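To keep things clear, I will list the structure first and then write my remarks on it.
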Amino acid sequence: MLNLCNYRLVVVLQEKTYIYDSNSLSMLDTIDTVPNLKGLCAFSPSLEGCFLALPASTAKGAVLVYNVMELQLHCEIDAHRSPLAAIALSSNGKYIATASEQGTIIRVHLVSEATKSYSFRRGTCPSTIFSLSFAPSLQLPDILVATSSSGSVHIFSLGFETNQRTKMSGSFLGSILPYSVNDALDPAHHHVLHNAVSAGVRSYAVVRKVDKVADSSLSEIASCRAIISLIAYNGYFQEYTFTLNSQNESTWSLEREFNLVAVISGNAETS
């Protein structure tokens, strides 16, 4: 069940999705979907781009994007050859990220035009993508975080133009999408935290906050700092600070870690 934009209530079932008015609870529309055994869905809470994303095929990685305010199909995107494993929409509804069951490529499409903007290679060996999540910022550059069955956390930077990428821009941000948007970005845009959790343990990560530190002397962004929260099915919660500077040097710092199961058990014993 999803509460979208404070105006829509969405209930996702295996083969149907129901859209309600969240104030009157009256049903507004019913979407017939392909069997959605994994319960895959994604939404964007922005009134300017309030979209719902659902799988459109069980044979390939197609995704249906539905405008829940206008109650109409916005587009259908053929993102992968294999069935989908994960979907995420940016908070402003501008981008949709997808991963297939193969798990080697993560693609980002521009929702308004249903065109591919980025292709990121997570790795060469197949891996199950457990989660995809955009940073909560409404403007580019943005960050996409992914977790996989390998136990690693992956961060992909959208719109960042580092010195390793080009010397023509003269700034960290550069211009947005200056190169062919159909080309896969080089590894400079991919940052990995290995062995964050044990391999095979399902995990989810979200970008809670992004801060951009400006260099006043150069009038450009000097670094980007993100707070990443990670929770795993073995009960552990971790919080990391991820920092990326203008030289494309990244650092991960573990700020907090505790076992939720132990905390809950301890509270139960003392109550």
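Below, each value reflects all heavy atoms present in this structure, side chains not excepted, and no hydrogens, waters or symmetry copies. From a predicted model like this one, the values you see are computed outputs, not experimental measurements.
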Applying side-chain contact (heavy atoms from CB on, under 4.5 Å), run through V192 and I155 and close with a yes or a no. CA-CA 6 Å; V192 187; I155 281 186; over 6 Å; no

When the side chains of residues 194-208 are checked against the rest of the protein, which donor-acceptor pairs come out under 3.5 Å, sequence neighbours left out?
{"from": "R208", "atom 1": "NH1", "to": "E239", "atom 2": "OE1", "distance (Å)": "2.8"}

Here the salt bridge (Lys or Arg N to Asp or Glu O under 4.0 Å) pairs for residues 95-106, sequence neighbours left out, are K38-E101

Are L244 and L193 connected in a single hydrophobic cluster, I mean Ile/Leu/Val/Met/Phe/Trp/Tyr linked by side-chain heavy atoms less than 4.5 Å apart? yes

Main-chain N/O of I77 paired to H109 side chain as donor or acceptor, under 3.5 Å: no

Output, in order, the C-alpha distance, side-chain angles, deciding distance and verdict of side-chain hydrogen bond (donor to acceptor under 3.5 Å, both in side chains) for Q102 and S100. CA-CA 5 Å; Q102 191 75 7; S100 73; 5.9 Å; no

Is there a chain of hydrophobic side chains (I, L, V, M, F, W, Y, each step under 4.5 Å between heavy atoms) that links V34 to V11? no

Test log, rule side-chain hydrogen bond (donor to acceptor under 3.5 Å, both in side chains), inputs S150 and S148: CA-CA 5 Å; S150 66; S148 70; 2.7 Å; yes

What pairs of donor and acceptor atoms, side-chain ones from residues 51-60 against any protein atom, are under 3.5 angstrom apart with sequence neighbours left out?
{"from": "S57", "atom 1": "OG", "to": "A59", "atom 2": "N", "distance (Å)": "3.0"}
{"from": "S57", "atom 1": "OG", "to": "K60", "atom 2": "N", "distance (Å)": "3.2"}
{"from": "K60", "atom 1": "NZ", "to": "D78", "atom 2": "OD1", "distance (Å)": "3.4"}

Using the benzene-type ring in the case of Trp, are the ring centres of H189 and F156 under 6.0 Å apart? no

Contacts of L254 meeting side chain to side chain contact (heavy atoms under 4.5 Å, CB included) (sequence neighbours excluded), chain-then-number -> Q238, Y240, E257

Do T33 and T17 get their side chains close enough for a donor-acceptor pair, meaning under 3.5 Å? no

Going by distance alone, is a donor N or O of one side chain under 3.5 Å from an acceptor N or O of the other, for T251 and E249? no

Specify the closest pair of heavy atoms between R8 and S22, including all atoms of both residues, with the distance to one decimal. N-OG, 3.6 Å

Test side chain to side chain contact (heavy atoms under 4.5 Å, CB included) applied to T128 - qualifying residues, sequence neighbours left out: F130, S149

Have a look at F134 and tell me which of L144, I96, L89 forms a side chain to side chain contact (heavy atoms under 4.5 Å, CB included) with it. L144

Pair H190-R121, side-chain donor/acceptor within less than 3.5 Å: no

When you measure from the side chain of T243 to the backbone N and O of R225, does any donor-acceptor pair fall under 3.5 Å? no

Verify the ring-centre separation between H191 and F242: is it less than 6.0 angstrom? yes

By ring-ring contact (aromatic ring centres under 6.0 Å, His included), Y18 pairs with (sequence neighbours left out) none

